[in-house]
Amino acid sequence: MWLFLLLLVPVACVPSPSRPLTRPCRRCCDHLEPPAATEVHTIINMTILKGDKGDRGERGTLGKPGLEGTPGFRGPFGPKGSKGQAGAPGDACKTTHSSFSVGRRKALHSVDYYQPLVFDTVFVNLLGHFNMFKGKFYCSVPGVYYFNVNIHTWNFKETYLHLMHNDEEQVILYAQPSERSIMQSQSVLLDLAAGDEVWVRLYKRERENAVYSDDVDVYITFNGYLVAPGSH
């Protein structure tokens with residue numbers, strides 16, 4: 001019987017080499033579903049990978065200007081600043097004022113030549129247009145000027161003067177000899193160009209003539225001022 005069992009085992013377990021297998025081999029767990037695929041997400045910590053700060057790039061082109069905003073509120077007034085230094089003198093031709101008034105405290109007698117009346121007292125000499133050493137007004141502002149001369153005559157002596165424009169006599173101031181001294185006056189309007197001179201001249205000694213004054217009072221005056229600027 002044991003022999004019979006031994007013969008049966010190979011027959012049941014070992015296939016015949018001459019017959020092919022009709023079914024493929026399967027494992028005992030082949031009937032189970034395969035496990036689902038697992039997705040892997042990689043997370044990178046960027047703070048670890050941050051490098052050094054790079055150099056600043058070139059400035060780009062300016063964009064178009066935006067719309068103008070609404071005006072803001074007016075701010076408070078600031079403190080008053082200190083006074084600035086005086087500026088340089090301007091062009092004399094742009095000055096629109098010119099005037100003078102001068103006086104003489106000394107008498108003057110005629111000699112063998114013409115004498116300009118020189119003055120020693122200044123009442124007004126705006127911008128220094130009247131030259132006190134020469135006794136002449138020099139025009140710096142072209143235009144029409146008013147001039148006036150006042151003198152005191154000398155007793156028993158003739159008084160003979162001219163108001164001069166450059167080297168031309170314009171008007172005469174004259175008084176005959178008299179036992180009484182008097183105040184004598186003359187005035188005129190003149191149209192002057194820049195650089196013109198106006199002055200008073202005592203006539204030379206063809207006659208005995210003189211003007212009176214003293215050290216106490218001013219008896220002789222010469223005045224002038226711009227009436228209307230011109231276009232010379």
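Scored by the ring pair (Phe, Tyr, Trp, His ring centres under 6.0 Å) test, Phe123 finds no partners at all (sequence neighbours excluded). Take Arg201 and apply the salt bridge (charged side-chain N to carboxylate O under 4.0 Å, His left out) test, not counting sequence neighbours, and it matches Glu169. Tyr160 is linked by a ring pair (Phe, Tyr, Trp, His ring centres under 6.0 Å) to His162, Tyr174, Tyr203, counting only residues two or more places apart in sequence or in another chain.
Counting only heavy atoms from C-beta outward, the side chains of Leu117 and Ile220 approach each other to under 4.5 Å. In this structure, Leu226 and Tyr146 have side chains that are not in contact, with every pair of non-hydrogen atoms separated by 4.5 Å or more. Using a 4.5 Å cut-off on side-chain heavy atoms (C-beta onward), Val102 and Met132 make contact.
A donor-acceptor pair under 3.5 Å links the side-chain atoms of Thr159 to the main chain of Ala210, judged by distance alone. Checked by atom type and distance alone, the side chain of Asn166 never pairs as donor or acceptor with a backbone atom of Glu168 at under 3.5 Å. At least one donor-acceptor pair under 3.5 Å links the side chain of Ser110 to the backbone N or O of Asn209. Remark: the backbone N or O of Ile172 is paired with a side-chain donor or acceptor of Gln186 at under 3.5 angstrom.
Centroid-to-centroid, the aromatic rings of His152 and Tyr212 come within less than 6.0 Å. A ring-centre distance under 6.0 Å is found for His109 and Trp154.
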*So Phe137 and Ser98, side chain to side chain contact (heavy atoms under 4.5 Å, CB included) or not? Walk me through it.*
CA-CA 10 Å; Phe137 169 75; Ser98 182; 3.6 Å; yes
*Could you walk me through whether Gln170 and Leu190 pass the side chain to side chain contact (heavy atoms under 4.5 Å, CB included) test, one step at a time?*
CA-CA 9 Å; Gln170 298 300 306; Leu190 295 177; 3.7 Å; yes
*asked:* Run the ring-ring contact (aromatic ring centres under 6.0 Å, His included) test on Tyr225 and Phe100 for me, step by step, so that the C-alpha distance in whole Å, both residues' side-chain angles and the decisive distance to 0.1 Å come before the verdict.
replied: CA-CA 6 Å; Tyr225 57 86; Phe100 72 92; 9.3 Å; no
*Any chance you could lay out the side chain to side chain contact (heavy atoms under 4.5 Å, CB included) test for Tyr145 and Leu189, step after step, and finish with the verdict?*
CA-CA 6 Å; Tyr145 284 79; Leu189 284 170; over 6 Å; no
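For CG of Asp217, the number of neighbouring non-hydrogen atoms (other residues, nucleotides, ligands) closer than 6.0 Å is greater than 12.
Applying the salt bridge (Lys or Arg N to Asp or Glu O under 4.0 Å) rule to pairs touching residues 97-123 yields nothing, sequence neighbours excluded. For residues 136-152, every residue pair satisfying the salt bridge (Lys or Arg N to Asp or Glu O under 4.0 Å) rule, not counting sequence neighbours, is listed here: Lys136-Glu197.
Between Gln184 and Ile182 the shortest heavy-atom distance is OE1-CD1, 3.6 Å. Pro177 and Glu158 get closest at one heavy-atom pair: CG-N, 3.8 Å. Contact record, Leu108 with Gln115: CD1-OE1, 3.5 Å, taken as the closest heavy-atom pair. Residues Ala194 and Pro142 share a closest heavy-atom pair of N-CG, 3.9 Å.
Atom-to-atom distance recorded for Phe130:CZ and Ser99:OG is 12.5 Å, nearest 0.5 angstrom. Taking CG of Leu192 as the start and SG of Cys139 as the end, the distance is 5.0 Å to the nearest 0.5 Å. Atoms OG and CG, on Ser185 and Leu173 in that order, are 7.0 Å from each other to the nearest 0.5 Å. Atom CG of residue Leu163 and atom CZ of residue Phe147 lie 7.0 Å apart, to the nearest 0.5 angstrom. The structure places OG1 of Thr153 at 11.0 Å from OH of Tyr219, a figure rounded to the nearest 0.5 Å.
For the pairing with Thr221, the side-chain hydrogen bond (donor to acceptor under 3.5 Å, both in side chains) check across Thr121, Asn150, Asn148 returns one residue only, Asn150.
In the hydrophobic cluster analysis, where Ile, Leu, Val, Met, Phe, Trp and Tyr join through side-chain heavy atoms closer than 4.5 angstrom, Val211 is grouped together with Val149. In terms of hydrophobic clustering, with Ile, Leu, Val, Met, Phe, Trp and Tyr side chains grouped at heavy-atom distances under 4.5 Å, Val200 and Val122 are assigned to a common cluster. Taken together through direct or relayed side-chain contacts under 4.5 Å among Ile, Leu, Val, Met, Phe, Trp and Tyr, Val198 and Tyr138 form parts of separate hydrophobic clusters. Criterion: ILVMFWY side-chain heavy atoms under 4.5 Å apart, direct or through other members. Under it, Met164 and Val188 are not part of a common hydrophobic cluster.
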Counting only pairs under 3.5 Å, give me each side-chain donor-acceptor contact of residues 72-82, with atom names and distances, residues two or more places apart or in other chains.
none

